[in-house]
Every structure is written in structure tokens, then in C-alpha cells.
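Everything on this sheet refers to the single structure shown next.
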Amino acid sequence: MPETVDEVVARLGEQAYLCDRRLATVILVALRIRKPLFVEGEAGVGKTELARAMAQVLGARLIRLQCYEGIDLAHAAYEWNYARQLLHIRLLDTGASDAGRATAERDLFGDEYLLRRPLLDAIDNRDPVAPVLLIDEIDRSDEEFEAFLLELLADFAISIPELGTVRAAQPPFVVLTGNRTREVHDALKRRCLYHWIDYPDLEREVAIVRVRAPEVSERLARRVAGLVQGLRGMDLYKLPGVAETVDWARSLAAIGADGSDPETLEATMGAAVKYQEDLESVRTAIPDLLRDRPA
Ligand SMILES: Nc1ncnc2c1ncn2[C@@H]1O[C@H](COP(=O)(O)OP(=O)(O)OP(=O)(O)O)[C@@H](O)[C@H]1O
Ligand SMILES: [Mg+2]
């Protein structure tokens, strides 16, 4: 486990995840005081990737729960295996005594009939190293589900009515992410350390492109990162994230372009700009952006 902020930065860097000292500090605190980490930020700023990189840093298993509208306990935490329970009942019907039947009925809600979904898997883990639990895009779930998470986040426990409370012997390192498609409840935020991940500055974005796409030259990375930073200052329907910068640079490198020709930039900008309305505004702006940011 990393011991200092610098070590968090360095170890994440080894996993090709480049973060600033502020985020690294929050991560270190979360590890130390065992509090879930809630990261919000625009699309493509590295929220999901952070959890993946942390799992590698810690040498831990990554358990991922992708949230969506209507997600419920059966998909997120646990479910009884009805088919097996039914089979068990069938077998009982074929000639058990009354006493035998009572015991067997109790068995119906035993461990072997429980289907473990990601949350229970993370809480009831027997891993050599505590796993990383990624609860991705929590803002897509509904409030009911959020309410269920409160117990899990505060006590690292899940109550199963038929079985009792399952408590983590070693709590997972929990990372929740959100995009602010809706506000997450204060009660949930209170149980977490909160961090807003911003777009990286130019230097960091250049470095990210270089580490994610080593085939891209420093010069090209700088040109594309500069352009994308310029685009983020425009009034676009959807601003490009870091993933888009990497894709655009990679596309240009793939055809041997150096990023100085507006026509080639236009032809490849679909790697970074994904709405028709935006394509038009960006096309018009490219010559100016190139002039403003010579590489
Ligand atoms: N700090 C970073 N260091 C290295 N790579 C990064 C960083 N931030 C983003 N990336 C790159 O951007 C890609 C997209 O990041 P990620 O999927 O984590 O975004 P996200 O914030 O989860 O977006 P969304 O909200 O759309 O899910 C990563 O696969 C990685 O290549
Ligand atoms: Mg994500």
C-alpha cells in the first residue's frame, strides 16, 4: 500500500494513470481512514480508469458494478437461486419425515442457494488483498438503490433478511463515480470523500497522450492536446474528454499526419467530436485554433 502522496502519484503513473497531487492526497486519505471515494467529473476525465489503476496498484481484484436505471438488489447484491430452491423442495416432497422437512426448509435460505452479485462479493470477500469495488455511474441508478448503499458504505455490511447481516472482514476500497446527470443524495455523499476530477492542464494531457499512445510523437501530442483544450473553451454540445484527445492523436499518427493541416484535422475530428452541430462549429474554428496554438 502506498505510504505517501508522492508514492500514490508514482505508483498510479506506473499503471499509465497520471494524476495530480490533489487527487493523490484524497486517495491516500481514503486508503488510510477506509472511507469510500466518490469522484465526479465530465465524461472521459478518467473516473472509471482510476478504479482500474488503483486495483493494479494495490494488487487487488477489481469488482465492478455498472449502475443503470432500475438496477436493484437482485442485480447488485444478491439473489436467491429459485431454480435450485424449487428442486430442493421437489426432492423433499418425495418422502421426507416432518422433522426432516422442517430442517430442509431452513436450508433453503442457506449459503448454497445464494447467488452473489458484485456488492455481496465485495463485502463477503476472502481475497488475500481487499478488493477494489467500483460502483460506476451511480447517478444513473434511482434513489431507492442509493438508499440501499448507505448501509454498505457506512458499515461495509449488507443485511439479508433470511440470513442476517454480512459484515466485511476486510473492507473493500470503494470508488463511486458520477457524471452529474442528476445530483446524488447528501446522505450518500456524507459517507464518502468527495473529489471533482477536472480536465487536465495542457502538460498533463500531453503526458497522458504519450503514455496511452506511445506511437504518437511529442509534437503531435502537443498539437492535438492544444487543439482539444481550445475546443473545451467553445460552446459545444459535448466537450471532448481525455479519451477523445488520445483517440484523435492516435488517428492522426495512424495516417502519418503531423496535425498541422486543417483538412486532415477536419477529416479526423470525428475521433473527438461526436455531434453533428459541434462538427460544424469545430470545422470553422480549426484554422483559428491552429494559429492560436502553434506547436
Ligand atoms: N489521468 C489519466 N491518466 C491516464 N489516462 C487517462 C487519464 N484520464 C483519462 N485517461 C484516458 O481516458 C480514457 C477514458 O477514461 P475513463 O473511461 O476513466 O473516463 P470516465 O471519466 O470514466 O468517463 P465516463 O464518464 O464517460 O465514464 C482512459 O481509458 C484513459 O485512456
Ligand atoms: Mg466511466
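All ligand and atom numbering here is 1-based and tracks the order in the structure.
- For ligand 1, the atoms lying closer than 4.0 Å to a non-hydrogen atom of V242 are 9 (C), 10 (N).
- Nearest-residue assignment for atom 7 (C) of ligand 1 (options I197, I208, L23, V39; heavy-atom criterion): I208.
- In this structure, E137 has a heavy atom closer than 4.0 Å to ligand 1.
- Ordered by chain and number, T48 OG1 make up the set of protein N, O or S atoms under 2.8 Å of the Mg ion (ligand 2).
- A243 CB, 3.6 Å is the protein heavy atom nearest to atom 13 (C) of ligand 1.
- Protein heavy atom in closest approach to atom 3 (N) of ligand 1: L18 N, 2.9 Å.
- Screening D155, L153, L149 against E151 for a side-chain contact (heavy atoms from CB on, under 4.5 Å) leaves a single residue, D155.
- Geometric assessment of R117 against the ring of Y78 yields a negative cation-pi assignment under the 6.0 Å and 45° thresholds.
- Residues V132 and L58 share a closest heavy-atom pair of CG2-CD1, 4.0 Å.
- Ligand 1 places these atoms under 4.0 Å from at least one heavy atom of A16: 3 (N), 4 (C), 5 (N).
- Nearest to atom 22 (O) of ligand 1 among the protein's heavy atoms is T48 OG1, 2.8 Å.
- Atom numbering of ligand 1 starts at 1 in the shown order; those under 4.0 Å from a heavy atom of N179 are 25 (O).
- The G46 neighbourhood of ligand 1 comprises atoms 8 (N), 9 (C), 15 (O), 16 (P), 18 (O), 19 (O), 20 (P), 21 (O), with distances under 4.0 Å to a heavy atom of that residue.
- With a 4.0 Å cut-off on non-hydrogen atoms, R212 touches ligand 1 through its side chain and not its backbone.
- Residue-ligand proximity, G44 to ligand 1, at heavy-atom distances under 4.0 Å covers atoms 19 (O), 20 (P), 21 (O), 23 (O), 24 (P), 25 (O), 26 (O).
- By the 3.5 Å distance cut-off applied to N or O atoms, C19 is not counted among the residues near ligand 1.
- In this structure, R32 pairs ionically with E3, as a charged nitrogen and a carboxylate oxygen lie closer than 4.0 Å.
- Scanning the protein heavy atoms around atom 18 (O) of ligand 1, the nearest turns out to be E49 N, 2.8 Å.
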Practice prompt. Determine, stepwise, if the pair D136 / R52 fulfils salt bridge (Lys or Arg N to Asp or Glu O under 4.0 Å).
Written response: CA-CA 11 Å; D136 214 6; R52 202 172 294 146; over 6 Å; no
